[in-house]
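Presented below is the structure to which this report refers.
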2 protein chains.
Amino acid sequence: MDPEWNDNQPIYRQIRDRVVAMILDDLLKEGDPLPSVRNVATESRVNPLTVLKAYQELADDGLVEKRRGLGMFVSPGAKGQLLAGERRKFLDEQWPQIRATIQRLGLAAELLGKEG
Amino acid sequence: MDPEWNDNQPIYRQIRDRVVAMILDDLLKEGDPLPSVRNVATESRVNPLTVLKAYQELADDGLVEKRRGLGMFVSPGAKGQLLAGERRKFLDEQWPQIRATIQRLGLAAELLGKEG
DNA sequence: GTTGGTGTTATACTTATCTATAACACTAGG
DNA sequence: CCTAGTGTTATAGATAAGTATAACACCAAC
């Protein structure tokens with residue numbers, strides 16, 4: 001594996017986003033256990049603390065639940081919460097900039113369809 | 001001014017991107033002087049070294065030319081170079097992830113047009 | 001109780017980013 | 001020469017991100 005890291009973003013945020021993507025893609029259903037901190041750390045050749053930091057953010061957002069000695073599990077309602085929250089975050093914070101970049105590069109017709 | 005900074009990205013990169021945007025939008029034409037390091041630093045309430053780092057990247061990429069004692073000026077061919085380079089970078093590195101996010105959030109129809 | 005799987009915490013170090021302050025080097029204009 | 005505008009460099013410190021090691025705490029199964 002070792003899906004190379006993107007230098008534009010801290011690793012712990014990329015791990016966090018990867019889990020979010022797995023939940024939205026139904027690769028992780030509600031109640032499923034997350035890949036363990038140690039496993040992710042070993043397979044991605046990253047420090048366990050870095051993984052923990054990513055998972056901690058997920059727990060703080062109420063997306064996963066920790067059960068000491070057992071692991072971390074996708075919370076009930078996680079996917080719904082994500083669809084709402086991530087949508088708003090994406091539309092408010094990221095899309096306007098992305099759209100501006102697309103216009104600037106003259107890629108609107110190609111990427112967004114004729115009417116943009 | 002003081003266009004607040006985005007925490008997702010280092011300031012020096014945001015300054016760099018701002019200049020790139022100005023060139024692409026024809027707010028800075030080839031041969032025009034860039035806002036001076038000291039000016040940007042003062043108005044944006046940022047350290048001169050941070051601005052210098054952004055400008056240094058632009059110079060390393062051949063987009064601007066330094067004339068000691070005078071300032072920094074947009075290189076001839078800068079816009080064309082940007083349209084090519086930034087397009088490739090955007091299409092190769094950013095757009096695939098952005099597109100995946102859009103699909104994941106079920107925003108394809110809304111943002112990309114019916115056929116996506 | 002022991003083992004092996006979880007998450008958790010502590011210490012110490014490296015690196016990148018950003019800041020604060022000051023000084024240096026070059027150029028045009030008086 | 002002097003001044004005021006450029007870019008440039010040096011030193012030092014603050015904070016965040018990531019690493020390396022090690023140890024601790026909890027739970028299930030043998």
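Predicted model, so just to flag it, every value in this text is computed and none were measured.
Going from atom CH2 of A:W5 over to atom C1' of C:dA16 covers 19 Å, rounded to whole Å. When the C1' atom of D:dT9 is taken as reference, atom CD of B:Q56 falls 12 Å away, rounded to whole Å. Rounded to a whole Å, the CG atom of A:N47 is 13 Å from the C1' atom of C:dA10. A straight line from CZ of A:R13 to C1' of C:dA16 spans 17 Å, rounded to a whole angstrom. Computed from coordinates, the A:Y55 OH to C:dT6 P distance equals 11 Å when rounded to whole Å. Protein atom CD1 of B:I15 is 13 Å distant from nucleotide atom P of C:dT17, rounded to whole Å. As rounded to whole Å, 17 Å separates atom C1' of D:dG7 from atom CD of B:E57. At whole-Å resolution of the value, CD in B:Q14 and C1' in C:dA16 are 15 Å apart.
Contacts of B:D26 classified as salt bridge (Lys or Arg N to Asp or Glu O under 4.0 Å), with partners at least two apart in sequence or in another chain: B:K79.
Candidate nucleotides D:dG18, D:dT9, C:dT9 were compared by shortest atom distance to the side chain of A:L49, and C:dT9 ranks first. Picking from D:dA20, C:dC18, D:dT11 the nucleotide with the shortest atom distance to the side chain of B:I11 gives C:dC18. Considering only the side chain of A:R38, D:dC24 comes nearest among D:dC24, D:dT6, C:dT19.
Within residues 63-72 of chain B, the residues that place at least one heavy atom under 4.0 Å from DNA chain D are, in residue-number order, B:K66, B:R68, B:G69, B:L70, B:G71, B:M72.
Taking each heavy atom of B:L63 and B:A78 in turn, the nearest pair found is O-CB, 3.6 Å.
Between B:Y12 and C:dT17, a side-chain N or O to OP1/OP2 separation shorter than 4.0 Å is present. At the phosphate of C:dT6, OP1 or OP2 sits under 4.0 Å from a side-chain N or O atom of A:N39. The phosphate of D:dG18 (OP1 or OP2) has no side-chain N or O of A:T50 nearer than 4.0 angstrom. At the phosphate of D:dG18, neither OP1 nor OP2 sits under 4.0 Å from any side-chain N or O atom of A:K53.
By the 4.5 Å side-chain criterion applied to Ile, Leu, Val, Met, Phe, Trp and Tyr, B:L70 is assigned to a cluster that also includes B:F73.
Put simply, the side chain of B:Q81 gets close to the backbone of B:D61: a donor and an acceptor are under 3.5 Å apart. Side chain of A:T50 to backbone of A:Y12: no donor-acceptor contact under 3.5 angstrom is found.
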Query raised in the report: Yes or no on salt bridge (charged side-chain N to carboxylate O under 4.0 Å, His left out) for A:D17 and B:R104, after CA distance, side-chain angles and deciding distance?
Result: CA-CA 12 Å; A:D17 288 344; B:R104 220 170 260 131; over 6 Å; no

Query raised in the report: After noting the C-alpha distance and the side-chain angles of A:R13 and A:E57, does the key distance pass the salt bridge (charged side-chain N to carboxylate O under 4.0 Å, His left out) rule?
Result: CA-CA 9 Å; A:R13 194 168 296 271; A:E57 265 198 8; 3.8 Å; yes

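Nearest-nucleotide positions on DNA chain D place B:L34 closer to the 5' end than the other of A:Q9 and B:L34.
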